[in-house]
Amino acid sequence: MNDAYRTLLDALRPHYDAHEARQIALLVLEEAFGVGRTAAVIGEIRDFSEEEQRRFGEIGRRLRAGEPVQYVLGRAEFLGLALDVTPATLIPRPETEQLAMLAAGRRPRRALDAGTGSGCIALALKRAVPACRVEAWDISEEALAVARRNARRLGLDVVFRRVDLLRAAETLADEQKNGGFIGENGASEALDLIVSNPPYVCRSEAAGMAPHVLHYEPSSALFVPDDRALLFYEALAALGQRRLAPDGALMVEVNRAFAEETAALFRTAGYADVAVHRDFVGNPRFVTAVRR
């Protein structure tokens with residue numbers, strides 16, 4: 001085993017299990033230094049230049065402090081898209097890839113990603129359904145800057161706007177009367193799809209979270225009050241009733257502890273065909289509904 005590989009493993013082991021530490025160490029060597037995984041494991045790593053040694057030391061320091069590797073490298077992969085990520089954005093998860101695939105399966109013509117972060121869902125949807133006009137909202141200007149940068153680099157045409165989902169009815173009141181979505185000619189059009197991965201972690205759950213998530217990822221994109229766990233889903237249900245076309249879909253990622261409650265909320269709000277879907281490890285993770 002090469003010394004560089006061993007050094008990375010030593011930095012990662014306090015924060016990750018052995019398998020995950022190995023995967024992250026190999027990723028760093030490959031992405032940051034062009035060292036293939038086989039070469040790293042069998043010890044065939046070339047000598048690093050002085051600049052590479054400096055960078056390796058800085059990466060090791062940040063990983064040892066518990067910073068997520070995606071922020072250290074500045075990149076994360078999402079459904080084959082290489083996305084810039086910063087501490088202003090959540091790190092895209094495999095579960096959210098499933099949500100993006102569910103959304104793309106609707107083949108929408110007009111879609112909204114509410115709470116876009118790095119832009120991962122909006123950009124994956126635009127790539128999968130090029131004819132779809134996609135708009136994406138976030139409350140954070142810093143996150144929107146990252147999302148716009150990703151869109152430019154990937155050559156994907158998505159409209160990004162700073163909108164507070166919890167105040168959307170107020171801030172977009174002048175658009176609501178015509179259905180809300182701004183079309184190609186400035187006319188408002190109804191949406192075929194609203195997709196969202198909103199904050200859904202209760203504050204009381206923080207104690208059980210991994211430090212590299214709790215201390216580095218943006219809390220505003222993670223947490224909701226314990227006594228208002230469905231806060232954002234209430235807003236999404238109201239938004240969908242105003243802006244979705246008949247038979248338009250609402251698709252959301254949820255806290256597995258509140259999947260059935262979220263589904264019940266959507267039914268009470270008048271949606272049809274409400275369904276709970278499980279993620280790849282079997283947790284109830286997504287709720288879909290249709291506006292009638």
Side-chain angles (χ1 to χ4, degrees), residues 77-83 92-138 147-148 150-161 163 165 168 172 175 178-198 233 236-254 259 262-263 266-267 269-280 284-292:
E77 185 171 309
F78 187 85
L79 289 176
L81 299 175
L83 301 175
R93 265 52 174 199
E95 296 90 341
T96 308
E97 291 183 324
Q98 291 182 260
L99 177 62
M101 288 187 287
L102 281 172
R106 292 283 302 187
R107 310 301 294 180
R109 294 172 300 162
R110 296 172 296 275
L112 169 67
D113 173 18
T116 195
S118 65
C120 59
I121 296 175
L123 295 170
L125 178 59
K126 183 65 178 178
R127 188 185 66 166
V129 190
C132 182
R133 297 209 300 278
V134 182
E135 184 169 310
W137 295 352
D138 206 283
R148 290 187 180 106
N150 283 325
R152 286 193 299 270
R153 182 168 47 76
L154 294 167
L156 295 170
D157 184 16
V158 171
V159 175
F160 294 99
R161 301 179 65 190
V163 178
L165 175 59
L172 304 175
E175 298 173 11
N178 294 316
F181 188 89
I182 300 301
E184 290 178 331
N185 300 315
S188 296
E189 298 176 302
L191 295 163
D192 302 308
L193 171 70
I194 296 175
V195 60
S196 184
N197 176 25
Y233 302 100
L236 285 161
L239 180 68
Q241 289 293 0
R242 294 186 184 95
R243 297 176 68 106
L244 282 171
D247 295 326
L250 180 58
M251 296 184 160
V252 297
E253 185 171 328
V254 301
T262 305
F266 289 169
R267 293 188 187 99
Y271 289 86
D273 301 330
V274 180
V276 176
H277 306 264
R278 295 186 178 274
D279 63 21
F280 60 92
R285 185 62 66 188
F286 316 103
V287 178
T288 60
V290 175
R291 181 179 180 241
R292 295 300 189 200

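In this text, all values refer to a predicted model and were calculated from it rather than measured experimentally.
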Problem set entry | From NZ (K126) to CG (L154), nearest 0.5 Å |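 Reported to 0.5 Å precision, the distance equals 13.0 Å.
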For this session: Could you go through the side chain to side chain contact (heavy atoms under 4.5 Å, CB included) check for V134 and L156 one step at a time?
Result: CA-CA 10 Å; V134 182; L156 295 170; over 6 Å; no
For this session: Might you point out which heavy atoms bring R106 and D247 nearest each other, and give the distance in Å?
Result: NH2-O, 2.9 Å
Exercise. When you look at CZ of R153, are more than 12 heavy atoms from neighbouring residues, nucleotides or ligands closer to it than 6.0 Å?
Worked result: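 Correct, the count exceeds 12.
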Problem set entry | Shortest non-hydrogen separation from L244 to A249 and the atoms involved |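 It is CD2-O, 3.6 Å.
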Problem set entry | CD1-CZ distance between I121 and F78, expressed to the nearest 0.5 angstrom |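 Answer rounded to 0.5 Å: 5.5 Å.
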Exercise. Can you name the nearest heavy-atom pair linking L123 to A147, along with the distance?
Worked result: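 That closest heavy-atom pairing would be CD1-O, 4.4 Å.
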For this session: Give, for atom CG of L102 and atom CG of L125, the distance between the pair rounded to the nearest 0.5 Å.
Result: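 The CG atom of L102 sits 11.5 Å away from the CG atom of L125.
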Exercise. So which heavy atom on A100 is nearest to which on L79, and how close?
Worked result: CB-CD1, 3.8 Å
Exercise. Any idea which heavy atoms bring V254 and P284 closest together, and the distance?
Worked result: CG2-O, 4.1 Å
For this session: Taking the side chain as every heavy atom from C-beta outward, state whether V158 and D113 have any pair of such atoms under 4.5 Å apart.
Result: no
Exercise. Within the distance-only criterion (no hydrogens, no angle test), does the side chain of N150 pair as donor or acceptor with the backbone N or O of L83 below 3.5 angstrom?
Worked result: no
Exercise. In Å and rounded to the nearest 0.5 Å, what is the CD to CD distance from E253 to Q98?
Worked result: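 Rounded to the nearest 0.5 Å, the CD-CD separation comes to 8.5 Å.
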Problem set entry | Side-chain heavy-atom pair R127, L81 within 4.5 angstrom cut-off |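 In short, these two side chains touch, coming nearer than 4.5 Å.
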Problem set entry | Least distance between heavy atoms, A237 atom then Y271 atom |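 Nearest heavy atoms, A237 then Y271: O-OH, 2.7 Å.
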Exercise. With a 4.0 Å cut-off, would you call R292 and D273 a salt bridge?
Worked result: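 A salt bridge is present here (some side-chain N lies under 4.0 Å from a carboxylate O).
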Problem set entry | Stepwise side chain to side chain contact (heavy atoms under 4.5 Å, CB included) test for V287 and Y233 | CA-CA 10 Å; V287 178; Y233 302 100; over 6 Å; no
Exercise. Checking side chain to side chain contact (heavy atoms under 4.5 Å, CB included) for the pair R285/H277: CA distance, chi angles, key distance, verdict?
Worked result: CA-CA 6 Å; R285 185 62 66 188; H277 306 264; over 6 Å; no
Problem set entry | Side-chain donor/acceptor of Q241 to backbone N/O of A269, under 3.5 Å |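 Such a contact is found between Q241 side chain and A269 backbone.
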Exercise. Are L99 and M251 side-chain neighbours, meaning at least one heavy-atom pair lies under 4.5 Å?
Worked result: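 Touching, per the 4.5 Å side-chain cut-off.
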Problem set entry | R148 side chain vs F160 backbone, donor-acceptor pair below 3.5 Å |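 Checking the backbone N and O of F160 against the side chain of R148, a donor-acceptor pair under 3.5 Å is found.
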